[in-house]
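What follows is a short report on a single structure.
All values reported here derive from a predicted model rather than from experimental measurement. Lettering follows sequence order; numbering is per chain, from 1.
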Amino acid sequence: MTRPAVPPQQPASDEPAGYDPATVERKWQAYWQAHGSNVADLERGQRPFYALMMFPYPSAEGLHVGNLFAFTGNDIYGRFQRLQGHTVFEPLGYDAFGIHSENFAIKVGIHPAELIPRNIDNFRRQLKRAGLMVDWSHELSTTDPGYYKWTQWVFLQLYKQGLAYKKKGAVNWCPFDKTVLANEQVIAGACERCGTLVEQRFLEQWFFRITDYAGRLLANLDHLDWSESTKTAQRNWIGKSVGAEISFPVVDMTVYGASTATSGNGDAPVAPPSVRVFTTRPDTIFGATYLVLAPEHPLVDAITHDDHRVEVRDYVARSAKQDLVTRKTSKEKTGVFTGAYATNPATSRPIPIWIADYVLMEYGTGAIMAVPGHDERDHEFAREYDLPIVAVVAPEGDADAVNVTGAAYTDTDGGRLVNSQQFDGMTVAEGCAAVVAELAARHAAKPVVNYRLHDWCISRQRYWGPPIPIVYCDDCGAVPVPESELPVLLPQIDDFRPDDSGVSPLARHEEWYHTACPQCGKRARRETDVSDTFLDSAWYFLRYPSTDFDDVPFDQALTKKWLPVTSYIGGNEHAVLHLLYSRFVTMVLKDAGHIDFDEPFTRFRAHGMIVREGAKMSKSRGNVVNPDQYIEEWGADAFRTYLMFLGPFEEGGDFRDKGISGVKRFLDRLWRSVQDADRSAPADPDVRRKLHQTIRKVGEDIPKLSYNTAIAAMMEYMNAMRAGERTPRLEEVKPLVQLVSPFAPHIAEELWSMLGETKSVFDSGWPAYDASLVEDERITMAVQVNGKTRGTVQVSRTATQDEVMAAVMADAGLAKFITGTPKRVVFVPGRLVNIIV
RNA sequence: GCGAGAGUGGCGAAACUGGCAGACGCACCAGACUUAGGAUCUGGCGCCGAAAGGCUUGGGGGUUCGAGUCCCCCCUCUCGCACCA
């Protein structure tokens, strides 16, 4: 690609022009725009590098400094890769659908369709001021019909694979946002957006079978180059548990002389069912002294003894009414006895069946075998209701001494089975295997793996999202909208506020709601729920390279060339939401044959959080950093560089208003160094050496995202170059401009052109360092006596122990510590000498 | 409770596979140039001490010639999950 010459330099005059960031930045932003400097040639570009950042939600408040922190970190890495010769694609878009936008629109009384474009304009303006190397020709917004058409297409692909289904079930309902939430959006029983306590409702909802992919989502993590903390968060969220399902046959009541449990309608008694429980500790089955069913368990009615029916119904009704918060956060155990018993298949003894809300219907089988001797929750419950507690595991060699009446013994490493007949003496692991094998032979158990992960509920009874592309026909049932008829446009509704009915506002738009069945043509009704925002963002990275294509979601050739994403940078708040969903959708599209990779992000790094003067930024505290204001005052270059300097990128840092001046001073000095540079004198050997060390250091630090130390190294070099009012030489300062360019792109461009270069600095190539110069010839070696540092000696880098000792003894200040002949000398070449006397 | 991460000067922070703790920057002090400027430059700046020297990486043990770094115990903070059997 040929590049036009840069604009004419400022006319030479006696008075060198001072550094005015505003002028410089305006000039180069205009230049980049006019010359398409940031537009990646996706078809022909060599060595593709897809530098992706998490797209922002375009809030009315404008760009948050946290956004800019993340984007700058990504931009530096991207610009560096470009200097390394890659074609770098750095796209940006807007995650503009969703409850957040809608609620804000309701609050200010402006329709989101009007508000969002305004916010986006403001975001774009702010982003452009930051000097990001964004390829604006591939901008996207999830609210654009040309985008959400394909979000609906993604839904249909899942539907076709049998991975989208509708189910009536207990769901999390936010009474404030008036919509259903995914489990991931409920934090400690409250809505993550508004903090309102979440209620339980029974609604028909669309779900994605992400649980079918749990094993693969978990296994793949081992091979991903991602932040370890993010991988751990995903592992925990998926929550694999290996165990067994065990059947406990319900005892026929009449054997015990009790009245028969009836089905309630006078039918003949049915054969007593079995209660299937899930456990990760089958080894403790001899200690299972009672069973517990979740209140919603389907067997509750059938097994409940007549004498206990009233209490049981009462308890079940109460727990259904109870909001999830009370149920999930109160640790107090409550329950009720059903009057029924089941046979423990290991002991063949009857044990009582209880109902308690500490057992969750959503997990496992909704029923457990309670082992109060070895599970804290069961223990607590057993003490509350006076149920028997039996020890069946004891620390090795301590079989008689174990006491589980005071507390459950839950250690799985040191224990051996006791009171467990033929299994006595086995370790926990051996016992688990042996018990399952024994019960399996009698068809009473089977090994099972369970995951905490739930299917992804994607229905939202709201307005501001992509309509789910399904039509209901009285004859044909649920019919997917044919792909050729996408998008199902979101109709303009003036009063889009949600109500308490559990039905989306879209149902109120009669004309839209009634449609023809795509299959039989008869009158039919549209699905009125919209999909979760997380579906919009679960595939956006596939769209960026292909934004020019209307007829396909993503072009095959471009996708093959540019994906998976080379480098993804974003916040760890999305560790389990967005990142897990994106991986899932990618796997599904791979399985459907649309793409040929099953992990979307080759490398992911989570950035840290910025606080201000030690405190978290928040609107209510009024301490939010407005990027505009700082860019105005200090310039985007200083602002960017400061953000990267204030702490390690992956940990975040503390934004202190005064700190930015140090970075600004550095840029000022760089400016003057170029202005004053001695163009004839050769580089000083020592400075030259330092330069090459700095080139190496910065080049090593950037890929590690150690931006703060890279900047420190450049400052150190600056100090060396200008030490003692020294005039830097042209050769010394010129490569520094290149090193600085990823951090402070505008000033770098300006200085580069001042140095007489006609191409953009970003096409100049990263400077190479001379390996022979990066090691100093003479080094300062530490001298310790008895492990205590007493001073240093200047020696050659390759000095031997004898040479170093000679230097030490020649130094009176050091020699005085050495009395007599050293007992021992520890010599670490090139580092230190430790003399033991 | 479980999981992850972190505790280093007045402050933000550096420190490779164990090898001069505090790089770089802010703030502060002194000085130069000049004079009212949020400019530039020089020097100083962990703590105690006049100095010699001693002490110092949340606390306590340990391994080692040598520990911010490795091991054990404890304390504090941040974030995530939260009855998942």
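- Note on A:K333 versus A:E380: salt bridge recorded, some NZ/NE/NH1/NH2 to OD/OE distance being below 4.0 Å.
- Place A:T780 and A:Y451 on RNA chain B by their nearest nucleotides, and A:T780 ends up nearer the 5' end.
- When both pairing distances are held under 3.5 Å, B:A15 makes no Watson-Crick or G-U pair with any nucleotide shown.
- Across all strands shown, B:G7 forms a Watson-Crick or G-U wobble pair with B:C75, both key distances being under 3.5 Å.
- A salt bridge is absent between A:K816 and A:D811; no separation between the charged side-chain nitrogens and carboxylate oxygens falls under 4.0 Å.
- Along RNA chain B, the nucleotide nearest A:R672 and the nucleotide nearest A:A782 are compared for position; the residue whose nucleotide lies closer to the 5' end is A:A782.
- Atom C1' of B:C71 sits at a distance of 25 Å from the matching atom of B:C20, rounded to the whole Å.
- The interatomic distance linking A:L667 (CG) with B:G25 (P) rounds to 13 Å, in whole Å.
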Can you give the donor-acceptor pairs under 3.5 Å from side chains of residues 569-578 of chain A to other protein atoms, not counting sequence neighbours?
from, atom 1, to, atom 2, distance (Å)
A:N572, OD1, A:T230, OG1, 3.0
A:N572, ND2, A:S229, OG, 3.1
A:H578, ND1, A:S537, O, 3.4
A:H578, ND1, A:S582, OG, 3.3
A:H578, NE2, A:Y568, OH, 2.7

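- Pairing for B:G31 goes to B:C41, judged as Watson-Crick or G-U wobble with the two contacts each under 3.5 Å.
- Residue contacts shown for A:R831 include a base, since a base heavy atom lies under 4.0 Å away.
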Could you walk me through whether A:Y630 and A:F655 pass the ring pair (Phe, Tyr, Trp, His ring centres under 6.0 Å) test, one step at a time? CA-CA 12 Å; A:Y630 286 86; A:F655 190 101; 5.1 Å; yes
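- Ion pairing between a basic and an acidic side chain is recognised when a charged N comes within 4.0 Å of a carboxylate O; A:R235 and A:D222 show such pairing.
- Note: A:L736 CG to A:L691 CG = 7.5 Å, rounded to the nearest 0.5 Å.
- The base-pairing partner of B:U69, taking Watson-Crick or G-U wobble contacts with both distances under 3.5 Å, does not exist among the strands shown.
- Phosphate contact (OP1/OP2 of B:C26, side-chain N/O of A:R665, threshold under 4.0 Å): present.
- Pairing for B:C83 is absent, judged as Watson-Crick or G-U wobble with the two contacts each under 3.5 Å.
- Taking atom C1' in both B:G25 and B:C45, the straight-line distance is 14 Å, to the nearest Å.
- For B:C2 and B:C74, the P atoms lie 12 Å apart once the distance is rounded to whole Å.
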Set out, line by line, the N/O atom pairs under 3.5 Å between protein and nucleotides 1-6 of chain B.
from, atom 1, to, atom 2, distance (Å)
B:G3, O2', A:N236, ND2, 2.8

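- Between the side chain of A:K333 and the base of B:C83 there is at least one donor-acceptor pair of N/O atoms closer than 3.5 Å.
- With sequence neighbours excluded, no residue satisfies ring-ring contact (aromatic ring centres under 6.0 Å, His included) with A:Y451.
- Shown for residues 695-709 of chain A: residues whose heavy atoms fall under 4.0 angstrom of RNA chain B, namely A:N708, A:T709.
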Could you write nucleotides 62-72 of chain B as a row of B, S and -, 5' to 3', where a protein heavy atom under 4.0 Å of any base atom gives B, of only sugar-phosphate atoms gives S, and otherwise -? ---BS------
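- In summary, A:D668 and A:K664 engage in a salt bridge, as defined by a charged side-chain N under 4.0 Å from a carboxylate O.
- In this structure A:W634 satisfies the ring-ring contact (aromatic ring centres under 6.0 Å, His included) test with no other residue, sequence neighbours excluded.
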